[in-house]
Colleague: 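I am attaching a structure below and will ask some questions about it afterwards.
Everything numeric in this text was worked out from a predicted model, so none of it was measured.
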Amino acid sequence: MKLIKRLRGQEKVFPVLQALLGTYGVCCLGEAAGLERASFSVMSIPVAAVLFLLVQWTEKGLDSLPDEKQRRRRIRWAAALSFLFSVSMILGYQLQTNGMTESGFRGKGLILFRGACLGIAVFPFGNLLFQGIEKAGDWKPEKSGRRWKSGKVYWITALALFLCLVPVWLAYYPIVMSYDFHRQINEAYKGFVWFWPYQPLAHTWVIWLFLQVGNLLGNIQTGMACMALLQMLLYSLAAAWAVLFLYRAAGKKWIPAAGVLFFGVFPLNSVMVVCTTKDVLFTILFLVFVLLLAERFFFSGGRKQWILDLLLLLEGCVMIQFRNNCIYAVAVFGVFWFIFAARREKLRVLLLCVLLVAGGRGMAAGIRAALGTELESPKVEMFSVPIQQFARVGFYHGDELDRKTWQMLNRYVLAEDWKSYNPPISDTVKASVGVTTFHSNWEGNTGQVLKDWLQLGMQYPNEYIDAFLELTRGYWFWDDRSYAECLGYGAEERMGTIYTYNSAVIENGPEILHESRFPWLEKQLENIVSANAYYDWPVVSVVFKCAFYVWGVCLLFAAYLYLKRKKQAVFCLFPLLYMGTMLLGPVVQMRYIFPLMATLPVLAGLLAAEGD
C-alpha cells in the first residue's frame, strides 16, 4: 500500500505502470483468443498509449469527485466488475481456443493475475458504467406533461405485437416443431398414461389439447397452428403489459415503439414464440409473475396488495408446472424476500411463499393424478454436471488411469461413453448413463457417489473445473459460440441459435408437415437463427448472445446494490436465482435464456421506481 501511495505521488509513473500492466492484460487476452505472441506485436505500442491517456483521464475524473467516500466506493465497484469481466474473457477464450484452461495452482494463479492486468485496461469503462448508474439513479420521470391513457397504450401495443408475429407464424407454418416435441407429440398421441415427466406434464397436456383441436377440425396440422396462435396471443398480452409497465414508470412516448421492436420484431423473440418448446409458455408465465411482483413491490398497498398476493399465488403455482426447476428458485427467493421484508410484512410474505411452494407441489401432484400416468421423472437430469466431469476425466486421462480408478470411473460412466464426451452438452453421455449405469450405481447410492466424485475430483481438479465451465460457458462468456453450435449450425441443419428443424413424426400415425406460407421471410430468419449470420454484425451481434442477458440481469442487480436500492435488488434476485438453477443444467441454449430476455426490460425500468 505504501508503494502504491508513493507511486501515486509521482504524476506520470503510476499511470505508466498501469498502462503497461493493462497492455500486458490485453495482449494476454489476444493470445488466449488465438493471436500468437500478441505481446510482441507492434500493435501493443498504440494500445499502451491509448491506455495511458485513458488512465490519466479516469484519474482526473475520480479526483474531481468532492465526496471521498463516494470516490472510494466507485473505485471498488468498478474494479471488482472489471476484474470479473476480465477473468471471464480470459477463461472463455482459453476454453474456446484450446479446449481447456491453464491447469494447476500456477495456471489458475496466472489466469487471476492476467485478469487483474486486463482489469486495469477495462477499469476506465467500468468507472464510466458506474458513473452512468449514479446519474440514472438520480433520474426521475417528469410528473408534468400529457400522458397517453394506460388502456390505450396496452391494447394498441398488444395488437401491434400480435400483428408483428403473424408473418413469422406464416413463415414457419404451422409451428416450429423442434426440441423435445418429437417425444411429447408421441406421448400426446398415445394418451395420458404415456405422459413422461421428463417434460412438464402440463405442457404435454397442452400439446394433447391442440392435437384434439386438430382432430375436431379434421387436420392435426391446423391444431398445431392454433397452438402457435394461442402462444402468440398470450405472449402479446404479457409483453404489452411489460411495455405498459415501462411507460408508466418512465413516461417516455418512445417506449411503446421500442417495446414492439424488441418483443415483436427482434428475431430471437419472434421466432421463439412460434416454437413448441415448453420455454415459450413458461416465459410468458415467468414475465407475468415478475410483473405481478413489480406491482406488489412498488405500486400497491392495502387491499390491492392482498389481491396481488392471491394472483401471485395462483399464477405462480401454474408457472411452476411448466419448468421443473422453477420451484427451487421460488423457494430460495422466498427465503430472501422474508429476510429483507419489513417486520410488519414478514408473516404475510412467509405465508405467501410457503403456499407458493406447497401449491406448486400440490398442483403437480393433482395433474399427475388426473392424468393417471405412473411413469417416474428421470432423476439422471439432476446429475448433468458430475456426469460431464466423470466423462471429461475419462476422455482426457482414460489411458493413464490406474486400474482401481479406471474401474471406479467405469462404474458411473462406461468407458465406451468417454469418447462421446461433448464439452458444451451432456445429453449424449447422460442419455447413455440413464439406461446403463444410473439405476444400478447412481440412484439410491448418493453417499457413495459423493465420496467417489470427491475422490476423483481431488485427483483431477482442473478437469472438474473445466467440465463445469464448458457446460456453462454460454451464460458468462460474451464471445461464446458453443450455445449456438453445440450440435452444429447452418441453414440446412436448422440447429443454430434456435432449433427450427421438424421433428413431428408420430409412430404409427400421421406426420405433421412444415409448409411455409411465407418462404422468403423464413429464408431471412433462418439465415439469422440457424446460420448464425449475426456473427458478422459488428456491435449488434452482442444482443444475440446468451451472456448479454445474463450479464444484463447481474449488472442491474449490482447497480441496485450500488445505489442502495434494497427493494429493487431483492426483486432482481428471483430471475437471478432461476438463472442459478440453469447452471446445473445439461447445456446452454437460447431458449433457456428466453425468460431473462423477456424480463430484462422490466428490471431496468425499476430504476424509475421509488425504493429504498
Side-chain angles (χ1 to χ4, degrees), residues 132-133 135-165 233-266 268-270 272-273 283-300 304 308 311-312 315 543 548-560 563 565 567-576 593-611:
I133 288 171
K135 291 180 179 179
D138 293 333
W139 178 82
K140 297 296 179 186
E142 295 180 7
K143 300 296 183 182
S144 60
R146 187 168 174 268
R147 289 200 181 195
W148 295 322
K149 293 182 179 179
S150 294
K152 192 176 189 180
V153 172
Y154 178 77
W155 289 111
I156 291 177
T157 302
L159 178 61
L161 286 169
F162 188 83
L163 292 176
C164 285
L165 296 173
L233 176 62
L234 294 175
Y235 174 81
S236 298
L237 295 173
W241 185 7
V243 173
L244 176 61
F245 175 85
L246 293 170
Y247 178 71
R248 286 166 51 204
K252 300 295 183 180
K253 293 187 176 180
W254 53 263
I255 287 177
V260 170
L261 288 174
F262 176 72
F263 286 107
V265 178
F266 184 48
L268 296 187
N269 284 328
S270 60
M272 187 63 71
V273 172
T283 293
I284 294 167
L285 293 164
F286 191 93
L287 177 58
V288 171
F289 188 77
V290 168
L291 286 165
L292 286 170
L293 279 174
E295 295 284 349
R296 168 67 168 73
F297 264 71
F298 300 98
F299 301 110
S300 66
K304 184 181 178 182
L308 286 170
L311 290 174
L312 268 172
E315 201 273 349
V543 299
F548 175 82
Y549 299 97
V550 177
W551 274 87
V553 175
C554 291
L555 287 174
L556 283 171
F557 178 65
Y560 293 135
L563 295 172
R565 302 262 187 102
K567 284 177 67 176
Q568 282 93 334
V570 173
F571 178 85
C572 285
L573 274 175
F574 176 63
L576 275 178
I593 295 296
F594 197 24
L596 267 67
M597 288 174 61
T599 54
L600 184 61
V602 176
L603 302 180
L606 291 176
L607 276 169
E610 296 293 333

Colleague: Provide the closest heavy-atom pair for Leu287 versus Ala598 in the form atom of the first, atom of the second, distance.
Modeller: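 Residues Leu287 and Ala598, closest heavy atoms: CD1-O, 3.6 Å.
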
Colleague: How would you list, by chain and number, every residue that makes a salt bridge (charged side-chain N to carboxylate O under 4.0 Å, His left out) with Arg296, sequence neighbours excluded?
Modeller: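 With sequence neighbours excluded, Arg296 shows a salt bridge (charged side-chain N to carboxylate O under 4.0 Å, His left out) to Asp309, Glu345, given in chain and number order.
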
Colleague: Pro601 and Leu246: which non-hydrogen atoms are nearest, and at how many Å?
Modeller: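 It is O-CD2, 3.1 Å.
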
Colleague: Decide yes or no for Tyr560 and Phe571: does some side-chain heavy atom of the first lie under 4.5 Å from some side-chain heavy atom of the second?
Modeller: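 Sidechains of Phe571 and Tyr560: no contact.
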
Colleague: Please report the shortest heavy-atom distance between Leu165 and Ser236, naming the atom on each side.
Modeller: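 Where Leu165 meets Ser236 most closely, the heavy atoms are CD1-OG, 3.8 Å.
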
Colleague: Report the C-alpha separation of Met597 and Met272 in whole Å, then their side-chain angles, then the decisive distance to 0.1 Å, and conclude whether the side chain to side chain contact (heavy atoms under 4.5 Å, CB included) test is met.
Modeller: CA-CA 11 Å; Met597 288 174 61; Met272 187 63 71; over 6 Å; no

Colleague: State, yes or no, whether a side-chain contact exists between Phe263 and Val273 at a heavy-atom distance under 4.5 Å.
Modeller: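 Phe263 does not reach Val273 side chain to side chain.
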
Colleague: Evaluate the criterion side chain to side chain contact (heavy atoms under 4.5 Å, CB included) for residue pair Leu607 and Leu563; output intermediate values, then yes/no.
Modeller: CA-CA 10 Å; Leu607 276 169; Leu563 295 172; 3.9 Å; yes

Colleague: With a cut-off of 6.0 Å (strictly less than), are more than 12 heavy atoms of other residues, nucleotides or ligands near NZ of Lys253?
Modeller: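 Yes, because the 6.0 Å sphere around NZ of Lys253 holds more than 12 heavy atoms from other groups.
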
Colleague: Under 4.5 Å between any side-chain heavy atoms of Ile156 and Trp148, yes or no?
Modeller: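 In short, these two side chains do not touch, never coming nearer than 4.5 Å.
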
Colleague: Would you mind reporting whether Ser270 and Val265 have side-chain heavy atoms less than 4.5 Å apart?
Modeller: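 Contact flag for Val265/Ser270 side chains = no.
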
Colleague: Are Thr157 and Tyr247 close enough that some pair of their side-chain heavy atoms sits under 4.5 Å apart?
Modeller: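 No, too far: nothing below the 4.5 Å cut-off.
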
Colleague: Can you tell if the side chain of Leu576 reaches within under 4.5 Å of the side chain of Cys554, non-hydrogen atoms only?
Modeller: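 They are in contact (side-chain heavy atoms under 4.5 Å apart), so the answer is yes.
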
Colleague: Do you know which two heavy atoms are closest between Ile133 and Ala559, and how far apart they sit?
Modeller: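 So the minimum-distance heavy-atom pair works out to CD1-CB, 3.7 Å.
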
Colleague: Looking at every non-hydrogen atom in both residues, tell me the closest pair between Pro575 and Leu596 and how far apart they are.
Modeller: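 Residues Pro575 and Leu596, closest heavy atoms: O-CD1, 4.1 Å.
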
Colleague: Partners of Phe289 by ring-ring contact (aromatic ring centres under 6.0 Å, His included), sequence neighbours excluded?
Modeller: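 Phe574.
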
Colleague: Taking the side chain from Lys567 and the backbone from Phe298, do they hold a donor-acceptor pair closer than 3.5 Å?
Modeller: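 No.
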
Colleague: What I'd like to find out is whether the side chain of Phe266 reaches to under 4.5 Å of the side chain of Leu261, using heavy atoms alone.
Modeller: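 The answer is no, as the side chains (C-beta and beyond) never meet within the 4.5 Å cut-off.
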
Colleague: Is there a donor-acceptor contact under 3.5 Å from the side chain of Tyr235 to the main chain of Phe162?
Modeller: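 No: the side chain of Tyr235 does not pair with the backbone of Phe162.
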
Colleague: Look at the side chain of Asn269 and the backbone N and O of Phe262, then say whether any donor-acceptor pair between them is shorter than 3.5 Å.
Modeller: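 Yes; judged by distance alone, with no hydrogens or angles, the pair exists.
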
Colleague: Glu315 and Val288: which non-hydrogen atoms are nearest, and at how many Å?
Modeller: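 Taking Glu315 first and Val288 second, the nearest heavy atoms are OE2-CB, 3.5 Å.
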
Colleague: Using side-chain heavy atoms (C-beta onward) and a distance below 4.5 Å, is Thr283 in contact with Thr599?
Modeller: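 Thr283 does not reach Thr599 side chain to side chain.
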
Colleague: CG of Leu293 to CG of Leu311: how many Å apart, nearest 0.5 Å?
Modeller: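 So the CG of Leu293 and the CG of Leu311 are separated by 11.5 Å.
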
Colleague: List the steps, then state whether side chain to side chain contact (heavy atoms under 4.5 Å, CB included) holds for Val570 with Phe297.
Modeller: CA-CA 10 Å; Val570 173; Phe297 264 71; 4.2 Å; yes

Colleague: I would like to know whether Leu600 and Leu556 meet side chain to side chain contact (heavy atoms under 4.5 Å, CB included); could you show each step before the answer?
Modeller: CA-CA 9 Å; Leu600 184 61; Leu556 283 171; 3.6 Å; yes

Colleague: Quick check on Trp155: does its CH2 atom have over 12 non-hydrogen neighbours (other residues, nucleotides or ligands) under 6.0 Å away?
Modeller: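 Not buried by this count: 12 neighbours or fewer within 6.0 Å.
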
Colleague: Nearest 0.5 Å, please: how far is CZ in Phe245 from CG in Leu291?
Modeller: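 Those atoms lie 7.0 Å apart.
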
